[in-house]
There are 2 protein chains.
Amino acid sequence: MRSRVGANSRLTIAAHALTWIGLYQRRGHEVATSEQIATSVNTNPVVIRRLLGELRRAGLADSRRGAGAGWTLSRDLESITLLDVYEAVESGPVFALHRSAPDPGCVVGHGIGPAMTAVYDEVEATLREQLARTTLEDVLRDVLKAA
Amino acid sequence: MRSRVGANSRLTIAAHALTWIGLYQRRGHEVATSEQIATSVNTNPVVIRRLLGELRRAGLADSRRGAGAGWTLSRDLESITLLDVYEAVESGPVFALHRSAPDPGCVVGHGIGPAMTAVYDEVEATLREQLARTTLEDVLRDVLKAA
DNA sequence: ACGGATGTAACAGCTACTGTTACGACAAGA
DNA sequence: TCTTGTCGTAACAGTAGCTGTTACATCCGT
């Protein structure tokens, strides 16, 4: 039983940032600055820029430089799923096998990898399916409902 | 896109250790030592003792001390699911909300928590369901099949 | 040219897991 | 009772990732 304090909040922060940009644009603004987003998220603008940089590389956000610069969405909120965001910021398995290969001369050491992989693959596939079912539009709707 | 090198291998190692004990006992041995298990897992005996200590606290394993001591299963392989093991060694959410609370004066900052929690809860519940469907007996069967 | 914003490097602090050494506690068996 | 083998656990270093922060270069609209 571990506490896992350092759990992944990256998906949360990324979804927060994108949703914020989406709502801000919907209210008629051109671009959102990392400063504004950071205020809503309650963190440092650099943290936001770093994260949005990964999202831009994934084709979910764009940035303009120079004066009056800032961030925009590359796609509509409705076409971005939590899976898109997850893959942009967290790609990597939830569970891992051994760090160093177990004893191949042992029956268990030899067969445990494939056995666990079968389970992990299924878990991962289902997790992705679930994340894919929720769009940022859904998230925004829930957000506004809570207000 | 992060690599997540340090992903959770604890579930893998715990399942490996318990399965090893189960097979060893099934072959007529009384107890398994942390040294033997560590050899199969390819790690240090102390790592195994630490992990099995958590499994003992969860009621999945038992240890005897003194000469000729070692580890035994508290329950049959068939009655131990991967969820039992997961809860014993990994309890804690896969995803987390913000580390420090977002701006409650912002619509998004205020509503994003509940919105994401709804998704995360569902993901977590499904993950548990899936892990609960596989017993260590199933794992052992797969392991022996691979041999 | 100026000003405002991004892009990014660099660093410290925190947390978690692993691996290792060391040593005390314990109990079976001689 | 003494020996011996094993667990139980503390302690520490090393690795890794995320966060937060400072600093500074880069870019571009005005």
Side-chain angles (χ1 to χ4, degrees), chain A residues 1-14 16-17 21 29-39 41-57 61-72 89-93 95-102, chain B residues 1-14 16-17 21 29-39 41-57 61-72 89-93 95-102:
Chain A
M1 177 93 86
R2 293 295 168 108
S3 48
R4 208 183 312 200
V5 176
N8 301 325
S9 55
R10 312 185 92 239
L11 177 57
T12 301
I13 307 298
H16 184 156
I21 299 172
H29 300 89
E30 284 267 330
V31 298
T33 69
S34 60
E35 180 94 31
Q36 296 171 313
I37 302 169
T39 297
V41 173
N42 188 21
T43 184
N44 193 289
V46 175
V47 173
I48 299 299
R49 289 205 288 272
R50 271 197 299 233
L51 203 54
L52 285 177
E54 298 180 46
L55 295 171
R56 180 185 49 214
R57 257 166 262 138
D62 280 306
S63 63
R64 254 190 273 166
R65 304 185 67 168
W71 298 86
T72 54
V89 302
E90 307 231 43
S91 137
F95 297 115
L97 296 184
H98 311 63
R99 297 197 167 208
S100 48
Chain B
M1 176 95 85
R2 293 295 167 109
S3 47
R4 205 178 320 197
V5 176
N8 302 323
S9 56
R10 313 185 92 239
L11 178 56
T12 301
I13 307 298
H16 185 156
I21 299 173
H29 301 88
E30 283 267 330
V31 298
T33 70
S34 60
E35 179 95 32
Q36 295 172 314
I37 302 168
T39 297
V41 173
N42 189 19
T43 184
N44 193 291
V46 175
V47 174
I48 298 300
R49 288 205 289 270
R50 270 197 298 233
L51 203 55
L52 286 177
E54 297 180 47
L55 296 171
R56 181 187 46 216
R57 258 166 262 138
D62 279 305
S63 63
R64 253 189 274 165
R65 305 182 69 168
W71 298 86
T72 55
V89 302
E90 308 232 40
S91 135
F95 297 115
L97 295 184
H98 312 63
R99 295 195 169 212
S100 47

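In what follows, chains are A, B, ... by sequence order, proteins preceding strands, each numbered from 1.
Looking at the side chain of A:Ser63, the nearest of the listed nucleotides D:dT9, C:dG7, C:dT20 is C:dG7. Taking the side chain of A:Ser9 as heavy atoms from C-beta on, and the options D:dT6, D:dT19, D:dG8, the nearest nucleotide is D:dT19.
If you find the closest nucleotide of DNA chain D to B:Arg56 and to A:Asn44, the one lying nearer the 5' end belongs to B:Arg56. Each of A:Val47 and B:Arg49 was assigned the nucleotide of DNA chain D with the nearest heavy atom; the assignment lying further toward the 5' end belongs to B:Arg49. The 5' end of DNA chain C is approached more closely, in terms of each residue's nearest nucleotide, by A:Gly53 than by the other of B:Ala67 and A:Gly53.
Side-chain atoms of A:Ile48 and A:Val41, non-hydrogen and from C-beta on, do get closer than 4.5 Å to each other.
One N or O donor and one acceptor, one from the side chain of B:Arg65 and one from the base of C:dA25, sit under 3.5 Å apart.
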Sub-3.5 Å pairs of nitrogen or oxygen atoms, protein against nucleotides 10-15 of chain D:
{"residue": "D:dA11", "atom": "N6", "partner": "B:Arg50", "partner atom": "NH1", "Å": "3.4"}

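No engagement by A:Gly68 is indicated, since no non-hydrogen atom pair under 4.0 Å with the nucleic acid exists.
For B:Ala14, the side-chain contact (heavy atoms from CB on, under 4.5 Å) partners at least two apart in sequence or on another chain are B:Leu51, B:Leu55, B:Val85, B:Val89.
Residue B:Arg64 places no side-chain N or O under 4.0 Å from the OP1 or OP2 atom of C:dC26. Contact annotation: B:Ser34 reaches the phosphate of D:dC7 (side-chain N/O to OP1 or OP2, under 4.0 Å).
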